[in-house]
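Down below is the structure, laid out as structure tokens.
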Amino acid sequence: MASTVPKAVLYYYPKSIWCAAVLLALEEKGYGNDDIDKKQVDLASGGNFDPTFLRLNPKATVPTLVVPLEKTLTDEVESRYKALTETEVTIIDLLDKSRSAMSRTHTTSTAPAPSLRPATFAFSAKSKIIIDAIHSEEGNPNHLAYVNARNEVALRTLATDKLPVLIRREKALAKYISEAEQGKLHVSAKTKAFWQEKKTAVHSMRQLRNWRHTLGQAWPYQKILKLRAYKEKQRNAVN
């Protein structure tokens, strides 16, 4: 008789740098293809704002790892789940601890499962500096595309890439809001307000990034200088 022990499910977007960290952790820890189910969420089309996904993660972010609670890991008990959304603090820590000599999760892979934690206190402190820098607003890797767009040609190329995504996301949010107002979608007032807030934010970004008309407003030069200075400071801190 086949086991019906529940598996974790990773919701991710292939182009997300935060999802890349979790996917790399899965690879490094030697998880097998059937240890964790993977489901793509299309951020470029606003898939993270879908009501079904919002029930899992009201923040509408990826990666999201939905894991069965430890005491419901048997066929005899109804499974209960918890959604983890913080990349470094919860998701990667769980993946690291869940496949080891002390693990009781019974992964099917026979690959080695090296620890992802630094081996010394000094290395751990150095790693924390890097991780904190990456997760800060100034050090956010998602800003690199804008920081590296150093002239008009680069900005116009970036606009060609980014604007269609923003338009699709705004249309998706408008659709969800409209269907909720028509009663086709039954969601809470909080979800409606969340959609409206995100739609307003995406619209503002789209207006700013319409660089063919407002090139100078796209990404203020002073902010670019601030980001570059911060990244240089962090590089010096870890060298």
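Here, residue 1 is the first one in the sequence, and each next residue gets the next number.
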key: Side chain T64, main chain T61, donor-acceptor under 3.5 Å   = yes
message = Would you compute the distance between atom SG of C19 and atom NZ of K38 and round it to the nearest 0.5 angstrom?
response = 12.0 Å
ask   = How far apart are the C-alpha atoms of R55 and T52, what are their side-chain angles, what is the distance that settles it, and do they pass the side-chain contact (heavy atoms from CB on, under 4.5 Å) test?
value = CA-CA 5 Å; R55 282 194 284 271; T52 302; 3.5 Å; yes
task = Calculate, to the nearest 0.5 Å, the distance between atoms CG and CD belonging to L10 and Q40 respectively.
result = 10.5 Å
request  = Report yes or no: does S178 contribute a side-chain atom to a donor-acceptor pair with the main-chain N or O of A174 at less than 3.5 Å?
outcome  = no
ask   = Closest heavy-atom contact between S45 and R168?
value = OG-NE, 3.6 Å
task = Give a yes or no on whether the backbone of T200 and the side-chain of S204 come within a donor-acceptor separation of less than 3.5 Å.
result = yes
Co-membership, hydrophobic cluster, residues L95 and I131, 4.5 Å side-chain = no
message = Quick one, K190 with E197, criterion salt bridge (charged side-chain N to carboxylate O under 4.0 Å, His left out). Give me CA distance, side-chain angles, the key distance, then yes/no.
response = CA-CA 10 Å; K190 184 177 180 180; E197 177 186 352; over 6 Å; no
key: R99 with E28: basic N within carboxylate O range, under 4.0 Å   = no
ask   = Is any side-chain heavy atom of T85 less than 4.5 Å from a side-chain heavy atom of T90?
value = no
query = Shared ILVMFWY cluster between I167 and I177, side chains joined below 4.5 angstrom?
reply = no
key: Reported CG-to-CG distance for the pair L158 and N148, which is rounded to 0.5 angstrom   = 10.0 Å
ask   = Does any N or O in the side chain of S16 come within less than 3.5 Å of the main-chain N or O of W18, such that one atom is a donor and the other an acceptor?
value = yes
task = State whether the side chain of D37 and the backbone N or O of V9 hold a donor-acceptor pair below 3.5 Å, judged by distance alone.
result = no
task = Carefully, step by step, assess L173 and E170 under the rule side-chain contact (heavy atoms from CB on, under 4.5 Å).
result = CA-CA 5 Å; L173 285 161; E170 186 176 358; 5.7 Å; no
ask   = Which atom names give the shortest non-hydrogen contact between D96 and P114, and what distance separates them?
value = OD1-O, 4.1 Å
message = Rounded at 0.5 Å granularity, tell me how far CG in L23 sits from OH in Y31.
response = 13.0 Å
ask   = To the nearest 0.5 Å, what is the distance between CG (N57) and CG (L54)?
value = 8.0 Å
message = Please check if the number of heavy atoms outside K171 that lie under 6.0 Å from its NZ is greater than 12.
response = no
inquiry  = As a quick check of understanding, evaluate ring pair (Phe, Tyr, Trp, His ring centres under 6.0 Å) for F53 and Y11, giving each step before the final call.
reply    = CA-CA 9 Å; F53 184 71; Y11 293 84; 5.8 Å; yes
query = Donor-acceptor pair, H203 side chain versus K199 backbone, under 3.5 Å?
reply = no
query = Is there a side-chain contact between L163 and R206, using heavy atoms and a 4.5 Å cut-off?
reply = yes
query = In the single-linkage hydrophobic clustering (I, L, V, M, F, W, Y; side-chain heavy atoms under 4.5 Å), do L116 and L84 co-cluster?
reply = yes
request  = Report yes or no: does S124 contribute a side-chain atom to a donor-acceptor pair with the main-chain N or O of T120 at less than 3.5 Å?
outcome  = no
Cationic N near anionic O, under 4.0 Å, K7 to D35 = no
ask   = Is it true that a side-chain atom of W195 and a backbone atom of F49 form a donor plus acceptor pair closer than 3.5 Å?
value = yes
task = Report the C-alpha separation of D50 and Y176 in whole Å, then their side-chain angles, then the decisive distance to 0.1 Å, and conclude whether the side-chain contact (heavy atoms from CB on, under 4.5 Å) test is met.
result = CA-CA 8 Å; D50 186 284; Y176 292 136; 3.4 Å; yes
ask   = Knowing that exactly one of Q182, H186, E181 qualifies, which makes a side chain to side chain donor-acceptor pair (under 3.5 Å) with K184?
value = Q182
task = For P63 and I91, work out which heavy atoms get closest and say how close.
result = O-CD1, 3.7 Å
ask   = Side-chain contact, heavy-atom cut-off 4.5 Å: I36 with L26?
value = yes
message = As a quick check of understanding, evaluate side-chain contact (heavy atoms from CB on, under 4.5 Å) for N48 and R169, giving each step before the final call.
response = CA-CA 10 Å; N48 54 316; R169 287 170 64 81; 3.4 Å; yes
ask   = Regarding T157 and T160, is there a side-chain donor-to-acceptor distance under 3.5 Å anywhere?
value = no
query = At what distance, to the nearest 0.5 angstrom, does CG of D93 lie from CD of E86?
reply = 11.5 Å
